[in-house]
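Worksheet: one structure, shown below.
For the single chain, residues carry numbers from 1 onward in sequence order.
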Amino acid sequence: LAYCDNYYDLEKRLNLEHKHSLDQINFDEADLKNYEKIKELAENRARQFELGSRPACALRKILEERTNVKVLFLELSGHGSAAAAMGNFGAAILINRMDPPGRRNYDLAHEMFHLITWDKFLGKEYSAGGDKYSDLETTANVFASALLMPEVDIRREFDKKLRNDKISLVDLVGMSQEFQVSIDALLWRLVNLKLLDRNPVSKLLKEDRCHLEAVKDFSSTCNCKEDEAFLSERYIYLAVKAFKEGLISKSKLAAYLKINIGDMAQVLSKYGYTLEDESDEE
């Protein structure tokens, strides 16, 4: 929340709009288990955002740049994977930067659902545990799966990889990479689309996971390494821009980025920025 307030402060200093433009969807408690409606809502939102056949590739940028949702990546140190928030600063999603990219993408879509249903489900009964909470979280997962793995495209790629009515683990891992989701999320999506049987998938994920890991190790492109996700590219851009325009000091820039002044030049260079004056850069 402190980062969100800082984000808002930068937007005000730069005379930028801070309010989000995410439309609330027509959805209430009675719809929590109406998975067909959830799927339809996800498909409609994907079309509205023009996410294409591989939505995970574009979702974060669309949320940040078109709807002005603040997406932040921080190390959560065992405090969960993601969270959504609304406040005077607007709308925000927090993602655990230490999670693999596929998990981060899924959590982003999951938390997006909470934002677009915020007015309907903001209340103690949905945040203090119990059946309603479980239904809400399950619904958010259904939405995320339908949004990130469009049925038409998933079926098309699955059929292309079938050989004698079978699909290899290598190809399944490849599909998860292509759609930029975790292998777990892909497998359950295929189960729900009745392209894979539930029992073998459950056994694979619970009892024979070593076989799946062996396949992932077999393909060098499957090794999920931590990338450079840190805070937010847009947040960093706004902070540097405010500094360059003399709206914040170097010490405030360091505080907003939560890095030492001595390390700032090296960190910012990873994002293509320098601390010199614009005239020096020209």
Side-chain angles (χ1 to χ4, degrees), residues 35-63 66 71 81-82 95 99-113 138-227 229:
Y35 297 148
E36 284 303 312
K37 180 171 183 176
I38 298 163
K39 170 189 166 185
E40 182 180 346
L41 290 169
E43 292 174 346
N44 288 340
R45 193 51 58 103
R47 284 193 293 270
Q48 178 188 350
F49 285 176
E50 300 175 302
L51 295 179
S53 63
R54 304 297 183 270
C57 300
L59 180 60
R60 179 169 66 87
K61 289 296 184 183
I62 293 294
L63 285 174
R66 187 184 297 185
V71 181
S81 293
I95 302 293
D99 281 339
R103 174 65 183 272
R104 295 201 303 258
N105 291 335
Y106 195 88
D107 286 341
L108 181 66
H110 177 108
E111 298 303 328
M112 172 186 161
F113 178 80
T138 299
T139 300
N141 284 338
V142 172
F143 177 88
S145 293
L147 184 75
L148 297 181
M149 294 170 278
E151 180 174 351
V152 171
D153 300 290
I154 284 288
R155 288 186 180 277
R156 181 184 298 119
E157 292 306 313
F158 185 84
D159 289 344
K160 282 168 56 176
K161 290 175 169 55
L162 280 179
R163 297 292 184 271
N164 298 320
D165 290 329
K166 293 183 179 181
I167 187 169
S168 69
L169 287 179
V170 170
D171 283 331
L172 288 171
V173 171
M175 280 186 67
S176 72
Q177 293 174 344
E178 189 172 340
F179 285 88
Q180 295 190 19
V181 296
S182 69
I183 184 64
D184 300 57
L186 175 73
L187 289 174
W188 286 122
R189 178 67 167 146
L190 294 173
V191 168
N192 291 328
L193 292 175
K194 302 188 185 308
L195 295 173
L196 290 178
D197 292 332
R198 179 176 296 274
N199 289 339
V201 167
S202 181
K203 185 174 185 294
L204 174 66
L205 293 175
K206 292 180 179 179
E207 301 175 20
D208 298 332
R209 197 170 188 94
C210 58
H211 296 300
L212 181 58
E213 297 300 327
V215 175
K216 293 171 72 173
D217 291 339
F218 173 75
S219 174
S220 60
T221 60
C222 295
N223 292 328
C224 217
K225 298 179 180 179
E226 178 192 348
D227 62 13

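- Counting heavy atoms from C-beta on, the side chains of L51 and L147 come closer than 4.5 Å.
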Practice task
Apply the test side chain to side chain contact (heavy atoms under 4.5 Å, CB included) to residues L108 and R104: give CA-CA distance (whole Å), side-chain angles for both, the deciding distance (0.1 Å), then the verdict.
Solution key: CA-CA 6 Å; L108 181 66; R104 295 201 303 258; over 6 Å; no
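- Residues S182 and S176 are not in side-chain contact: their nearest non-hydrogen atoms beyond the backbone lie 4.5 Å or more apart.
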Practice task
Could you walk me through whether D171 and S168 pass side chain to side chain donor-acceptor pair (under 3.5 Å), step by step?
Solution key: CA-CA 5 Å; D171 283 331; S168 69; 3.2 Å; yes
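- Atom NZ in K39 sits 11.0 Å away from atom CG in N192 (nearest 0.5 Å).
- Considering CZ of F179 and SG of C57, their distance stands at 9.5 Å, rounded to 0.5 Å.
- For the pair R47 and F49, the NZ or CZ position fails the cation-pi test of under 6.0 Å to the six-membered ring centre and within 45 degrees of the ring normal.
- For R155, the CZ atom sits in a packed shell: over 12 heavy atoms of surrounding residues, nucleotides or ligands are nearer than 6.0 Å.
- Considering all non-hydrogen atoms of both residues, A185 and V181 come closest at CB-CB, 4.4 Å.
- Atoms OH and CG, from Y106 and L186 in turn, are 11.0 Å apart once rounded to the nearest 0.5 Å.
- A side-chain contact (heavy atoms from CB on, under 4.5 Å) with L195 holds for exactly one of L187, L190, I167, L162; it is L190.
- Looking at M112 and L59, their side chains come closer than 4.5 Å, going by heavy atoms from C-beta outward.
- Taking 4.5 Å as the limit, every side-chain heavy atom of R54 sits out of range of all side-chain heavy atoms of Q180.
- Annotation for G52 and P150: closest pair O-CG, 4.4 Å, computed over non-hydrogen atoms.
- The CD atom of E43 sits 10.5 Å away from atom CZ of F143, with the distance rounded to the nearest 0.5 Å.
- Rounding to the nearest 0.5 Å gives a distance of 13.5 Å between CD of E157 and CE of M149.
- A side-chain contact (heavy atoms from CB on, under 4.5 Å) with V201 holds for exactly one of D184, L196, L172; it is L196.
- The shortest distance between side-chain heavy atoms of S202 and N199 does not fall below 4.5 Å.
- Between the CD1 atom of I38 and the CZ atom of F113 there is a distance of 6.0 Å, given to the nearest 0.5 Å.
- Only one option out of V152, D159, I154 pairs with R156 in a side-chain contact (heavy atoms from CB on, under 4.5 Å); it is V152.
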Handout entry: side chain to side chain contact (heavy atoms under 4.5 Å, CB included) evaluation trace for V191 with D197
Key = CA-CA 6 Å; V191 168; D197 292 332; over 6 Å; no
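- Applying the salt bridge (charged side-chain N to carboxylate O under 4.0 Å, His left out) test to pairs two or more places apart or on separate chains, none has a residue in residues 185-195.
- Between R66 and Q48 the shortest heavy-atom distance is NH1-O, 3.1 Å.
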